[in-house]
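Below: one structure, written as structure tokens.
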Amino acid sequence: DAGITQSPRHKVTETGTPVTLRCHQTENHRYMYWYRQDPGHGLRLIHYSYGVKDTDKGEVSDGYSVSRSKTEDFLLTLESATSSQTSVYFCAISGTGALGDTQYFGPGTRLTVL
Amino acid sequence: GQQVMQIPQYQHVQEGEDFTTYCNSSTTLSNIQWYKQRPGGHPVFLIQLVKSGEVKKQKRLTFQFGEAKKNSSLHITATQTTDVGTYFCAGYTGTASKLTFGTGTRLQVTL
């Protein structure tokens, strides 16, 4: 498995509280992604990064922000968590982001918003 | 936006039976990838198809990319309990960097 870790692995929080999820990689890959996984929807892209301080939105970015101050770390922040953001969150990395590049996934974070 | 649907959403088979999942995109894909996610695990890359009509095999798994590059299929011959999991297709359109994942097919195999 690629060197990707996510923290925390599980979190329960209350509506309205801020939450930050961390993805850390040791592969020195340029591209990093945040997905959420929900039954019936597969994996949906939230935000991605193509370099330090370079980020872009995915298809479900509302309510989420990201930051990447170092190559190895990509943070996902829910400024004010809502119950609709209860989900499993996966971080992924790829080397070039080019067509055909493979993505490697972290172990996931299960977030519950009460 | 681009949509990638998979059918069926769920299938339960007995060990030894065959299994097929179908992936359909609303737009033409540059290439398609398949991933497998074991229960409680994370998606793991299986294979990539690039050419129109391409067929690739991995032991009991056969992957096909449609002629119009808008659909794909994964066929498993003689399923085993180790095949249990959710299978996702994912495709790039003209825009690089972002993969669009299908909705997934969850396979359950019983003895």
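These numbers were taken from a predicted model, which means no experiment stands behind them.
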Just to verify, what does B:F45 make a ring-ring contact (aromatic ring centres under 6.0 Å, His included) with, not counting sequence neighbours?
B:Y35

Is it the case that atom [atom1] in [X] sees more than 12 heavy atoms from other parts of the structure closer than 6.0 Å?
{"X": "B:E17", "atom1": "CD", "answer": "yes"}
{"X": "B:F19", "atom1": "CZ", "answer": "yes"}
{"X": "B:Q9", "atom1": "CD", "answer": "no"}
{"X": "B:R60", "atom1": "CZ", "answer": "yes"}

B:Q37/A:Q37 under side-chain hydrogen bond (donor to acceptor under 3.5 Å, both in side chains): CA gap, chis, key distance, verdict
CA-CA 12 Å; B:Q37 182 179 21; A:Q37 183 174 25; 2.8 Å; yes

Between [atom1] of [X] and [atom2] of [Y], what distance do you get to the nearest 0.5 Å?
{"X": "A:K57", "Y": "B:K98", "atom1": "NZ", "atom2": "NZ", "answer": "11.0 Å"}
{"X": "A:D38", "Y": "B:T103", "atom1": "CG", "atom2": "OG1", "answer": "12.5 Å"}
{"X": "B:T100", "Y": "A:R44", "atom1": "OG1", "atom2": "CZ", "answer": "12.5 Å"}
{"X": "B:L99", "Y": "A:Q103", "atom1": "CG", "atom2": "CD", "answer": "4.5 Å"}

Counterpart residues, side-chain hydrogen bond (donor to acceptor under 3.5 Å, both in side chains), relative to B:T20 (two or more places apart)
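side-chain hydrogen bond (donor to acceptor under 3.5 Å, both in side chains) check on B:T20 returns B:H75.
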
Looking only at heavy atoms and a cut-off of under 4.5 Å, which of B:G41, B:G104, B:P43, B:G40 has the most pairs with chain A?
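Option with the top pair count is B:P43.
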
Would you indicate whether the side-chain heavy atoms of A:F90 and B:H42 approach each other to under 4.5 Å?
yes

Heavy-atom donor-acceptor pair, B:Y92 side chain to A:D101 backbone, under 3.5 Å
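Pair found, side chain donor or acceptor close to backbone of A:D101.
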
